[in-house]
Visitor: 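Sharing a structure with you now.
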Amino acid sequence: MSDILDLTCELIRRASVTPDDAGCQALLGERLARCGFTIENLRFGDVDNLWATHGSSGPVLVLLGHTDVVPSGPEDRWSSPPFEPTIREGHLHGRGAADMKSGVAAMTLALESFVTQNPDHAGTVALLVTSDEEGASIDGVKRVVEEFRRRGQRVDWCLVGEPSSQAVLGDLIRVGRRGSLHGHLTVRGIQGHVAYPDQALNPIHATAAALAELVSIRWDDGNAGFPPTSFQISNIHSGTGANNIIPGQLEVAFNFRYGTASTAEGLRGRLESVLLRHGLDFEMRWDLSGEPFLTAAGALRKAVNETIEAQFGITPVASTAGGTSDGRFIAPLGAEVVEFGPVNATIHKIDECVNLADLERLPALYLGVMTRLWAGIKRA
Ligand SMILES: [Zn+2]
């Protein structure tokens, strides 16, 4: 059995459903410690975070990932038990096989190879893994970054081994993510009898016109890095259940997915001005779950592109679509962030799997990126 297959299977066997790391990080930490890495366990709340570094100066490359997985769902619907790694039809099956225990294993092996080949390398190479990426994401990388700021820890480059590929390994890398802004609107009316509307104020009627306007607004046209901002209403609630009462209150929840053509502050202001113009008596609660970021085409992106081209002969698409990842917390440190990993077709699903041939190629890909980055440092 190859090293990468062996380590990925070992990780899948540990049923690390968020936020339980189930011993995955100890396994990775022991391996890296044997190769001379300095190991730190940054535990915040229920969440384990592993910070393993080799070197002490800049530039700093962080390989970023998570050991936690989403729940399996009904186990009897799996073709083989979710936490028993099983090889079938050229694929390794198990929860986390693609998202993202294969990526974490490959990044770990690539780091081991890199420091063995370059024991006196310039700068710092590091692994950061959390057990809270799939959950609340509060005590994971977000808290680690607060700690980095306190310590003055710089990060120049961050390679995230999340499953970015779509049809074949290497066809797509993520170079940014849209921001996500949640809003919760409460509109106050006056409850009353439906037969006496002049003695009540119907918040459904008052809000309907405002919502119709909000869903028809083109918030921006997008830009080279991002599609136009999207506004989606996810929940509306009002009414007492009785059909002879005008309700006293209405609640609406919605979400903006936005790029760098807009700002959270700008979107908030424009939305609230529509509500005011419609004369609503309202309260807004906002929750900004992530700012958008777009990585410039710098040294890391170049190294990733060149490695994929050299090893596969294809040029990856640079995308900003999809959901958020922990890269959003690292980007504000001024780091260039690129996400690149296996095919994501089965992530979070029943019978999650990774192609065996892809798995075998992953460590060399991450090692190739590091080798190219460091060749650039030598030239500089
Ligand atoms: Zn993931």
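Both ligands and their constituent atoms are indexed starting at 1 by order of listing.
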Visitor: Check ring-ring contact (aromatic ring centres under 6.0 Å, His included) between His93 and all other residues, then give those that pass, not counting sequence neighbours.
Guide: none

Visitor: So, using ring-ring contact (aromatic ring centres under 6.0 Å, His included) as the criterion, who are the partners of Trp78 when residues are at least two apart?
Guide: none

Visitor: Provide the atom name of the closest N, O or S atom of Glu162 relative to the Zn ion (ligand 1).
Guide: OE1

Visitor: Does the pair Arg151/Glu40 count as a salt bridge with the N-to-O cut at 4.0 Å?
Guide: yes

Visitor: In Asp99, the N, O or S atom nearest to the Zn ion (ligand 1) is which?
Guide: OD1

Visitor: Determine whether a donor-acceptor pair (N or O, by modelled atom type, separation under 3.5 Å) exists between the side chain of Arg95 and the backbone of Val69.
Guide: no

Visitor: Is there an N/O/S atom in Glu133 at a distance below 2.8 Å from the Zn ion (ligand 1)?
Guide: no

Visitor: With a cut-off of 2.8 Å, does Glu134 place any N/O/S atom under that distance from the Zn ion (ligand 1)?
Guide: no

